[in-house]
Amino acid sequence: MTYPFRTETQSGDPEARAVSGLASFAQLTEVQLPRAGTFALLTIRGGGGKPATFSSESLLALQEMLVEVAERVDSGRVAGVGITGVERFFVAGADLKALMDVKDLGAARDIARLGQQVFGLLAAMEVPTFAFINGAAIGGGLEVALAARYRTVSTDAKGISLPEAYLGLVPGWGGVYRLPRLVGPANAVKVMIESPLANNKVLDGRSAYELGIADTVFDSPDFLSQSLAWADRIITDEAHRKRLDQRRASIAGSSPEEWDAAVASGRRIVESKTSNAALAPARLLDLLELGRSLDQAQSAELEVDALGELILTPQFKDSVYAFLELLQRRAKNPSGAPDPVLARPINRVGIVGAGLMASQLALLFARQLQVPVVMTDIDQSRVDKGVGHVHAQIDKLLTRKRIPLDDADSLKTLISGSVSTTAFADADFVIEAVFEELSVKKQVLAEVESVVSEKCILATNTSSLLVTEMAADLLHPERVIGFHFFNPVAAMPLLEIVRTSKSSEEVLATAFVLGRALKKTTVLVHDAPAFVVNRVLLRSVAEVLKAFDEGTPAEVADEALKPMGLPMTPFALLAMIGLPVAQHVIESLHNAFGARFPISTNLQRLIDNGITSLWTEGHDGSPYIPQFTMSLLQFARYPATSDQLLERVQDALAQEIGLLLDEGVVGSAEDVDLCMMAGAGWPLHLGGITPYLDRTGASERVNGKPFHADNR
């Protein structure tokens with residue numbers, strides 16, 4: 001195939017000559033470097049303003065370009081080869097929708113093998129090769145960068161990740177082999193297992209450099225020019241290359257012991273996050289373990305087999321549905337959100353309370369909004385402790401290089417404390433985060449209303465109480481809204497925005513715009529006890545506690561839900577929430593909904609005796625129940641098996657979700673799915689809680705119909 005030739009000259013950029021077309025996906029130009037000479041630069045771009053992704057067609061386009069580049073290299077006309085992206089994206093990974101359309105194993109293996117072959121062309125060039133990571137490099141986008149010999153990264157780059165384990169796949173285009181040999185197996189496990197299973201956590205440019213993924217980091221405004229100048233030096237300066245290789249060796253460190261420890265650590269993470277119910281993370285670790293003693297070609301065959309097989313699994317289909325339709329489309333366009341033009345500006349925030357939750361909120365508001373935040377509490381010592389805790393968290397961010405020194409100092413000046421609610425006089429938004437007691441919250445909101453302006457929005461972070469009741473005695477109940485965050489605030493994406501029958505559209509619009517500014521996944525929830533996540537989650541916990549009180553052994557009760565792949569067992573969740581807090585919420589739900597939320601007498605006995613967890617860790621790390629704890633408990637004689645309890649919980653969940661949908665707490669089953677994934681860590685590989693309950697038959701058993709007509 002022949003390509004048009006043309007000359008491009010842009011102000012401030014090196015003269016470049018276009019030598020390849022297929023411009024809808026990428027452009028190949030020749031750049032004249034001062035010392036090295038001709039440098040072939042491939043710039044990948046998406047079509048229609050969208051980020052570039054890899055499908056069979058785009059991989060073939062890249063292959064054609066790389067074949068032509070290789071011919072120029074072989075003829076001695078090119079001294080180096082580079083690949084980069086445009087604007088905020090390097091490459092946004094594989095085209096997931098295209099992979100969803102693959103129907104047979106042969107086709108799935110073909111696309112897996114094609115990625116290996118194309119990226120292999122870049123890796124096999126006889127001249128130095130470079131990836132200039134200008135922006136997000138996701139999945140296959142990072143894998144093609146790993147195929148280059150050297151990498152630069154922009155300080156503004158976000159979204160650098162290998163999220164395949166999160167999506168039901170493995171990095172099967174060379175990532176499993178190349179990454180651990182570049183950054184070491186421990187760091188590879190962090191990138192390929194730990195981060196994906198932690199709500200798909202991603203790296204920024206500086207973090208990627210510190211891990212060893214990139215060899216150097218440059219500022220954004222002239223990132224490409226700096227990268228080309230650096231490439232010129234690498235190509236022509238052997239001493240510099242040797243120093244670079246020494247840095248790589250110090251980061252990678254891959255002794256057999258380190259490799260085994262990394263794999264073992266990965267398996268512990270997978271078990272703790274998925275209860276080993278997800279196929280892809282375990283398959284990835286198998287590849288990593290086997291690949292230690294293999295060469296690249298041998299590892300590639302295993303990666304092709306694994307990726308091809310996983311593409312056809314229901315877990316991959318469910319993961320992509322949940323990711324694209326729920327966490328992407330629905331999360332970005334929350335159902336029922338008013339027109340954002342109605343929103344009011346928020347220039348100052350007040351927080352009632354200075355405890356742990358209030359401190360987390362203060363840091364979130366200050367960091368994301370860059371506005372003054374004032375915290376109040378009943379005495380100066382509590383205020384000082386709360387502000388001090390926030391400052392300590394800022395220092396941790398600074399130590400971990402998450403923020404620069406100037407930003408740390410600026411954040412600290414934004415956060416202040418007071419013992420008087422008069423500090424809220426000029427606030428635009430005040431949220432209470434005090435004890436979960438209706439009378440206390442009503443009193444707090446009344447005090448705040450007496451000092452703030454008429455335009456100030458009042459919010460509550462209640463997890464279970466009715467917002468309507470809190471606002472009932474206020475002069476302006478239309479200004480009150482529920483703003484329910486999840487703990488830990490920085491890590492959990494969900495924000496349940498709770499409207500009452502009196503909440504104004506202007507207040508509601510402001511809440512959604514504010515939630516977006518805080519980088520949270522927002523879902524509109526109508527006022528009801530415990531809203532969505534806590535109601536659904538505690539229905540399952542209450543069912544497990546009931547079985548425990550009836551005589552089901554603790555080991556059976558706590559492990560019965562493992563096939564769901566939940567991030568925590570029921571008793572571990574109770575310990576994290578705090579037994580008194582959990583019991584308090586269950587009591588509130590029992591008062592609201594009756595026998596569906598039975599109150600556990602054994603849980604109360606633990607609370608009365610100051611016990612914070614049913615389990616205690618033994619000397620060997622295994623959990624056990626101390627004899628004293630067992631002596632406090634009383635059981636009936638109706639034990640359930642694991643299978644029986646799992647089905648009971650499935651049916652209970654189907655019933656509770658059906659009821660809250662009938663009550664209009666949220667607009668659709670998809671909103672419940674989104675809430676549970678973003679607020680409770682519901683596993684992506686199950687495709688949402690309501691499709692899961694449809695597949696298990698619980699929806700039909702309890703409600704007489706599935707939640708989804710197509711049985712998604």
Quiz item: Which residues pass the side chain to side chain donor-acceptor pair (under 3.5 Å) test with Arg539, sequence neighbours left out?
Solution: Gln655, Glu656

Quiz item: For Ser463, what residues pass the side chain to side chain donor-acceptor pair (under 3.5 Å) criterion, not counting sequence neighbours?
Solution: Glu436

Which atom of [X] lies closest to which atom of [Y], heavy atoms considered:
| X | Y | answer |
| --- | --- | --- |
| Val665 | Ala528 | CG2-CB, 3.8 Å |
| Leu524 | Gly336 | CD2-O, 3.6 Å |
| Gly140 | Trp173 | CA-CE3, 3.9 Å |
| Lys190 | Pro196 | O-CD, 4.2 Å |
| Gly175 | Met192 | O-SD, 4.2 Å |
| Pro706 | Ser699 | CA-CB, 3.8 Å |

Exercise. Determine, stepwise, if the pair Phe548 / Leu603 fulfils side-chain contact (heavy atoms from CB on, under 4.5 Å).
Key: CA-CA 10 Å; Phe548 179 59; Leu603 183 59; over 6 Å; no

Evaluate the side-chain proximity of [Y] to [X]: yes if any heavy-atom separation is below 4.5 Å, no if none is.
| X | Y | value |
| --- | --- | --- |
| Pro281 | Leu284 | no |
| Thr522 | Phe512 | yes |
| Val532 | His526 | no |
| Ile346 | Phe365 | no |
| Leu105 | Glu309 | yes |
| Gln360 | Gln393 | no |
| Val191 | Leu203 | yes |
| Thr500 | Val480 | no |

Hey, could you give me the [atom1]/[atom2] distance between [X] and [Y], rounded to the nearest 0.5 Å?
| X | Y | atom1 | atom2 | answer |
| --- | --- | --- | --- | --- |
| Leu589 | Ile599 | CG | CD1 | 10.0 Å |
| Arg267 | Asp286 | CZ | CG | 4.5 Å |
| Leu369 | Phe429 | CG | CZ | 9.5 Å |
| Leu96 | Tyr321 | CG | OH | 15.5 Å |
| Ile497 | Leu514 | CD1 | CG | 8.0 Å |
| Ser588 | His584 | OG | NE2 | 4.5 Å |

Self-check item: Pairwise salt bridge (charged side-chain N to carboxylate O under 4.0 Å, His left out) hits with a residue in residues 498-508, at least two apart
Solution: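 Residue pairs with at least one partner in residues 498-508: Arg344-Glu506, Arg499-Glu505.
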
Exercise. For Asp204, enumerate each residue passing the salt bridge (charged side-chain N to carboxylate O under 4.0 Å, His left out) test, keeping only those at least two apart in sequence or located in another chain.
Key: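 Asp204 satisfies salt bridge (charged side-chain N to carboxylate O under 4.0 Å, His left out) with no residue once adjacent residues are dropped.
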
Quiz prompt | Flag for Asn534-Ser464: side-chain donor and acceptor within less than 3.5 Å | solution = no

Self-check item: Basic-acidic side-chain contact under 4.0 Å: Arg535, Glu496
Solution: no

Quiz item: Tell me the side chain to side chain donor-acceptor pair (under 3.5 Å) pairs involving residues 157-170, sequence neighbours left out?
Solution: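 Residue pairs with at least one partner in residues 157-170: there are none.
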
Quiz item: What residues form a ring-ring contact (aromatic ring centres under 6.0 Å, His included) with Phe323, not counting sequence neighbours?
Solution: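 Partners of Phe323 under the ring-ring contact (aromatic ring centres under 6.0 Å, His included) test: none.
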
Other residues, nucleotides and ligands only: do more than 12 of their heavy atoms fall within 6.0 Å of [atom1] on [X]?
| X | atom1 | answer |
| --- | --- | --- |
| Glu700 | CD | yes |
| Lys273 | NZ | no |
| Arg88 | CZ | no |

Could you pull out all donor-acceptor pairs under 3.5 Å where a side-chain atom in residues 670-684 meets a protein atom, sequence neighbours excluded?
unit_1, atom_1, unit_2, atom_2, d
Glu670, OE1, Ser668, OG, 3.2
Asp671, OD1, Arg330, NE, 2.8
Asp673, OD1, Ile689, N, 3.1
Asp673, OD1, Thr690, N, 2.8
Asp673, OD1, Thr690, OG1, 2.8
Asp673, OD2, Thr690, OG1, 2.8

Which side-chain N or O atoms in residues 561-573 pair as donor and acceptor under 3.5 Å with protein atoms at least two apart or in another chain?
unit_1, atom_1, unit_2, atom_2, d
Lys562, NZ, Glu559, OE1, 3.1
Thr569, OG1, Asp558, OD1, 3.1
Thr569, OG1, Asp558, OD2, 3.1
Thr569, OG1, Ala572, N, 3.3

Hey, is the main chain of [Y] close enough, under 3.5 Å, to the side chain of [X] for a donor-acceptor pair?
| X | Y | answer |
| --- | --- | --- |
| Thr274 | Glu271 | no |
| Asp694 | Phe707 | yes |
| Asn703 | Lys705 | no |
| Asp104 | Ala107 | yes |
| Ser613 | Ala575 | no |
| His685 | Ser319 | no |

Practice problem: Go through the steps for Val666 and Phe531 under the test side-chain contact (heavy atoms from CB on, under 4.5 Å), then give the verdict. | Solution: CA-CA 9 Å; Val666 289; Phe531 317 126; over 6 Å; no

[X]: partners by side chain to side chain contact (heavy atoms under 4.5 Å, CB included), with sequence neighbours left out:
| X | result |
| --- | --- |
| Asp651 | Glu647, Ala698, Arg701, Val702 |
| Leu364 | Gln368, Phe485, Val489, Leu518, Lys520 |
| Arg268 | Ala264, Ser265 |
| Ala136 | Phe89, Ile138 |

Exercise. Report the C-alpha separation of Thr313 and Gln315 in whole Å, then their side-chain angles, then the decisive distance to 0.1 Å, and conclude whether the side-chain hydrogen bond (donor to acceptor under 3.5 Å, both in side chains) test is met.
Key: CA-CA 5 Å; Thr313 61; Gln315 284 195 358; 5.8 Å; no

Exercise. Evaluate the criterion side-chain contact (heavy atoms from CB on, under 4.5 Å) for residue pair Asp318 and Leu686; output intermediate values, then yes/no.
Key: CA-CA 6 Å; Asp318 291 335; Leu686 294 179; over 6 Å; no

Exercise. Carefully, step by step, assess Thr460 and Glu432 under the rule side-chain contact (heavy atoms from CB on, under 4.5 Å).
Key: CA-CA 5 Å; Thr460 171; Glu432 67 78 21; 2.4 Å; yes

